[in-house]
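What follows is a short report on a single structure.
Excluded from the calculations below are hydrogen atoms, water molecules and symmetry mates; all remaining heavy atoms, backbone and side chain alike, are included. Chain naming here is simple, since letters A, B, ... match the order of the sequence lines and numbering starts at 1 in each.
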Number of protein chains: 2
Amino acid sequence: MAPRTDPLSLEVIELIGTVVARYYEEYERAAAEHSLTGAQARVLGLLSLEPMPMRRIAQKLKCEPSNITGIVDRLEARGLVERRPDPLDRRVKLAAPTADGLATAADLRASLNFAREPLAELSTRERTVLRDLLKRMLGD
Amino acid sequence: MAPRTDPLSLEVIELIGTVVARYYEEYERAAAEHSLTGAQARVLGLLSLEPMPMRRIAQKLKCEPSNITGIVDRLEARGLVERRPDPLDRRVKLAAPTADGLATAADLRASLNFAREPLAELSTRERTVLRDLLKRMLGD
DNA sequence: TATTGTTATACTCTATAACTATA
DNA sequence: TATAGTTATAGAGTATAACAATA
């Protein structure tokens, strides 16, 4: 499928760029309110869904495993995450949120108003259309 | 306007998160292909539209002016950007792309296939609807 | 031998504060 | 005095390579 460079497509690309920029700002702001960096907030959010080995965090974040050591170190120092042994494989360390970490992750989600507040401007019908268009764009 | 937490809104938010993640990956990948960091690519892209004072770059990127010094240093060392005196104010340095920098910026834009390739999946009518919904979401 | 997590290293980005040269 | 850009500094994220413990 050939790339589109017509004015309408360029306008949509520009709008998506704006959405991306605003989403990122909002995310960093929400993280900073909890004195977390973006990377720390992303790891905590990930772990709040499901504890997982260090290596899998790296896969999810698409970065090198060695980076995760430091990020989890800082979350652990803050008492938001802990490392547990994996009973099935003693090489593996499972990173899991503490009760405090779970509460912080919930707070983070709650203060991420992006797309939720602006979405209120749209009717149910419009949100349905938007959902379907985004799904098509993402190759569903 | 109250935030929405219904399943449909949450689905749209999730989709937007996916769009944001994919956009960022694509951007970093395109920058890396030119041996540039994301920040360097953003500054170069900005300057390719219009030369500007160091301080204004910082405003556009929403970061501290002191950071721009290093980023422009590296772009200048690569021969992609140059600092010019501002004839109107000798305190100001205008950062401007070189011919090489302009070519690199054009290359970068061309290799940013995100949203352009997937957009081809949508008809003109659909892209128009998507544009209008995004504009509404972004508060026009 | 291969894998998991870590350490060591180097580079970049970031904010803060202090400095300089202009205005 | 105030402003533009820089420097110095410290913390964080990132990739690479080498290492210990375990598989």
Side-chain angles (χ1 to χ4, degrees), chain A residues 21 24-25 27-47 51-78 80-96, chain B residues 21 24-47 50-78 80-96:
Chain A
Y24 246 74
E25 279 170 47
Y27 197 91
E28 296 290 323
R29 183 197 53 67
E33 270 173 20
H34 291 78
S35 300
L36 292 171
T37 65
Q40 288 164 13
R42 273 184 288 279
V43 168
L44 182 58
L46 198 58
L47 296 179
M52 62 182 73
M54 306 291 284
R55 206 154 200 96
R56 194 133 78 84
I57 303 174
Q59 288 164 354
K60 291 277 192 184
L61 264 71
K62 297 187 208 296
C63 72
E64 293 301 314
S66 59
N67 299 326
I68 305 302
T69 299
I71 297 173
V72 169
D73 279 352
R74 282 163 219 123
L75 287 170
E76 200 166 28
R78 295 266 307 266
L80 301 175
V81 160
E82 63 182 11
R83 285 168 164 99
R84 297 177 190 158
D86 182 339
L88 302 176
D89 186 337
R90 288 196 298 170
R91 291 173 305 182
V92 172
K93 289 177 190 166
L94 296 171
Chain B
Y24 248 74
E25 280 171 46
E26 183 92 12
Y27 197 91
E28 296 291 323
R29 183 196 54 66
E33 271 174 18
H34 292 78
S35 301
L36 293 172
T37 65
Q40 288 164 12
R42 273 184 288 279
V43 169
L44 182 58
L46 197 59
L47 297 180
E50 182 193 11
M52 62 182 74
M54 306 291 285
R55 207 154 200 97
R56 194 133 77 84
I57 301 175
Q59 288 164 354
K60 291 277 192 182
L61 264 69
K62 297 185 207 297
C63 72
E64 293 300 315
S66 60
N67 299 326
I68 305 302
T69 298
I71 296 173
V72 169
D73 278 352
R74 283 163 218 123
L75 287 171
E76 199 165 29
R78 295 266 306 268
L80 301 175
V81 160
E82 61 182 12
R83 286 168 164 96
R84 297 176 189 159
D86 181 338
L88 302 176
D89 186 337
R90 286 196 300 170
R91 292 173 304 180
V92 172
K93 289 177 189 168
L94 295 171

Partner set under side-chain hydrogen bond (donor to acceptor under 3.5 Å, both in side chains) for [X], not counting sequence neighbours:
| X | value |
| --- | --- |
| A/Q59 | none |
| A/D86 | none |
| A/E76 | A/R83 |
| B/E82 | B/R84 |

Measure [atom1]/[X] against [atom2]/[N] and give the value in whole Å, please.
| X | N | atom1 | atom2 | answer |
| --- | --- | --- | --- | --- |
| B/L36 | C/dT12 | CG | P | 12 Å |
| B/M54 | D/dT3 | CE | P | 19 Å |
| B/M52 | D/dG5 | CE | C1' | 16 Å |
| B/R55 | C/dA15 | CZ | P | 13 Å |

Hey, does A/I71 have a side-chain heavy atom less than 4.5 Å from the side chain of A/T37?
no

Set of salt bridge (charged side-chain N to carboxylate O under 4.0 Å, His left out) partners for A/E33, sequence neighbours left out
A/R29

Those residues at least two apart in sequence (or on a different chain) that pass salt bridge (charged side-chain N to carboxylate O under 4.0 Å, His left out) with B/R91 are B/D89

Contacts to DNA chain C from residues 82-96 of chain B, heavy-atom cutoff under 4.0 Å, which residues?
B/D89, B/R90, B/R91

Qualifying salt bridge (Lys or Arg N to Asp or Glu O under 4.0 Å) pairs, either residue in residues 51-60 of chain B, two or more places apart
B/E50-B/R56

Just by protein heavy atoms under 4.0 Å, how would nucleotides 11-19 of chain D read 5' to 3' in B, S and -?
-SSBBBB--

